[in-house]
Amino acid sequence: MSGKRMPARTAGRRNPGVRTHSVSKRRKFWGAFKIAIATLIAAGFAILFLMPIILTITNSFMSASEISANYGSVFATSESGGKVYISEKVNLKFIPDMVSFSQYVTVLFKSPDYLLKFWNSVILVGPIVVFQLLVASLASYGFARYSGKLRQIVFFSYIILMLMPYQVTLVPNYLVSDWLNILDTYWAIWLPGIFSPFAVYLLTKFMKRIPHSVVEAAQIDGAGEWQIYRRICMPLCKGALCSAAILVFIDYWNMVEQPLILLTDTETHPLSVFLSKINKGEIGLAFAVATIYMVPSLLVFLYGEEYLVDGITYQGGIKG
């Protein structure tokens with residue numbers, strides 16, 4: 001029996017293992033191909049989004065004559081001061097013909113107005129970020145720990161205020177600031193920013209994800225509300241606090257409407273407002289100032305990127 005041949009029909013069949021291996025190879029190939037296409041598309045969008053930043057940084061090292069030769073037609077005006085149509089093709093250059101630091105020398109040493117406006121931005125934004133997080137963490141703890149009809153009404157009011165654009169509340173803020181006699185002072189910017197509802201909403205949603213068993217265990221051990229807030233909620237909310245700090249900083253670092261309306265003294269305006277007032281003869285300075293103005297936002301984002309992602313993707317008080 002052992003010497004008999006296998007039937008022709010059985011011998012002609014393909015090995016199932018070979019077929020499975022071939023299918024697996026095809027799936028791996030198409031999977032890798034899709035990942036490569038998705039990566040190329042994402043890289044293309046990333047380059048498009050980064051082009052204005054790269055253009056601003058590289059052009060800040062151009063000389064005034066080179067900038068005027070490349071972009072002068074964009075800012076051209078008629079003899080009466082009106083805008084004219086562009087008669088020449090704009091030349092977008094990413095690499096300067098000759099690197100020049102003259103724009104930065106003017107901004108940092110020869111013209112103190114730019115640095116003054118930069119520090120105005122720091123003075124305006126710093127207290128808002130610190131105290132908004134402090135107020136928001138305390139309010140969020142109350143919203144997360146306690147429930148009731150009054151709590152729901154107040155929290156719903158926070159959501160409505162958060163959904164409103166700032167332009168809607170600008171007139172009431174102006175009237176209240178005038179009534180409090182703080183108009184044309186930093187307090188007119190600080191107070192609405194410190195009590196902004198955005199961070200309260202974000203942290204409340206985050207704190208409500210903390211398991212009740214963790215809080216109950218702390219209460220059994222004799223911890224009071226202040227200890228629960230300081231030793232349990234705050235450490236667990238570190239990612240959310242960093243996320244809120246980054247978003248609040250970027251939001252108020254770029255504010256324009258608030259200073260224009262609430263601060264009539266131009267000496268107290270931040271650099272974000274001053275950038276829009278640079279005239280056509282200072283295009284190179286505009287590139288240099290914009291580059292300096294981008295540095296804090298980029299540093300904050302790059303340093304806190306991990307915390308930002310962690311705060312957004314966090315799904316519970318205990319990860320694992």
Side-chain angles (χ1 to χ4, degrees), residues 122 124-166 168-169 173 189-255 258 296-320:
V122 175
L124 285 172
V125 177
I128 290 177
V129 175
V130 174
F131 289 102
Q132 184 179 147
L133 291 181
L134 178 62
V135 172
S137 63
L138 292 170
S140 302
Y141 179 77
F143 282 129
R145 288 281 289 125
Y146 303 102
S147 60
K149 200 164 187 179
L150 180 61
R151 178 259 183 201
Q152 294 177 354
I153 294 174
V154 175
F155 190 70
F156 181 74
S157 302
Y158 266 80
I159 296 176
I160 296 299
L161 289 174
M162 186 185 66
L163 294 177
M164 288 184 179
Y166 188 81
V168 175
T169 59
N173 283 338
I189 304 294
W190 286 340
L191 289 180
I194 289 172
F195 295 99
S196 175
F198 170 73
V200 177
Y201 174 80
L202 182 65
L203 293 177
T204 299
K205 291 298 183 181
F206 198 91
M207 286 188 184
K208 289 179 70 175
R209 297 172 182 170
I210 297 176
H212 292 287
S213 58
V214 177
V215 178
E216 290 173 356
Q219 290 176 331
I220 293 174
D221 292 337
E225 295 296 338
W226 173 250
Q227 290 175 319
I228 294 174
Y229 163 79
R230 186 169 59 90
R231 297 186 178 181
I232 295 178
C233 290
M234 288 300 97
L236 291 176
C237 292
K238 182 180 178 181
L241 287 169
C242 293
S243 300
I246 294 170
L247 296 175
V248 170
F249 175 84
I250 294 175
D251 184 25
Y252 283 93
W253 186 254
N254 298 315
M255 61 180 172
Q258 300 96 311
S297 299
L298 291 175
L299 291 178
V300 167
F301 176 77
L302 294 175
Y303 178 77
E305 180 184 5
E306 181 179 351
Y307 296 105
L308 180 63
V309 175
D310 181 64
I312 293 175
T313 59
Y314 186 88
Q315 294 296 327
I318 300 175
K319 294 184 289 184

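Heads up: numbering here begins at 1 and tracks the sequence.
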Shortest non-hydrogen contact from C237 to M207? SG-CG, 3.6 Å

Are a donor atom and an acceptor atom from the side chains of E225 and Y141 found within less than 3.5 Å of each other? yes

Taken to the nearest 0.5 Å, the spacing of I194 CD1 from I189 CD1 works out to 11.5 Å

Would you indicate whether F131, at its atom CZ, is surrounded by more than 12 heavy atoms from other residues, nucleotides or ligands within a distance under 6.0 Å? no

Say you draw a straight line from CG of D251 to OG of S196; how long is it, rounded to the nearest 0.5 Å? 7.5 Å

Please round to the nearest 0.5 Å and tell me the distance separating atom CG of L124 and atom CE of M255. 4.5 Å

Between Q132 (side chain only) and G193 (backbone N and O only), is there a donor and an acceptor less than 3.5 Å apart? yes

Correct closest heavy-atom pair for P192 and Y252 would be O-OH, 4.3 Å

Could you grab the distance from atom CD1 of I246 to atom CG of L302, nearest 0.5 Å is fine? 10.0 Å

If you define the side chain from C-beta out and look only at heavy atoms, does anything of V215 sit under 4.5 Å from R145? yes

Whether R231 engages the ring of Y229 as a cation-pi pair (distance to the six-membered ring centre under 6.0 angstrom, angle to the ring normal within 45°) should be assessed. no

For a 4.5 angstrom cut-off between non-hydrogen side-chain atoms, does I159 reach P197? no

M234 and S137 have their tightest heavy-atom pair at CE-CB, 3.8 Å

Between atom CZ of F143 and atom OH of Y158, what is the distance when rounded to the nearest 0.5 Å? 5.0 Å

Value for CG (L203) from CG (L133), rounded to nearest 0.5 Å, stands at 7.0 Å

Heavy-atom pair with the smallest gap, counting every atom of A199 and S140: O-OG, 4.1 Å

Validation row: Y146, R151 side chains within 4.5 angstrom (heavy atoms): no

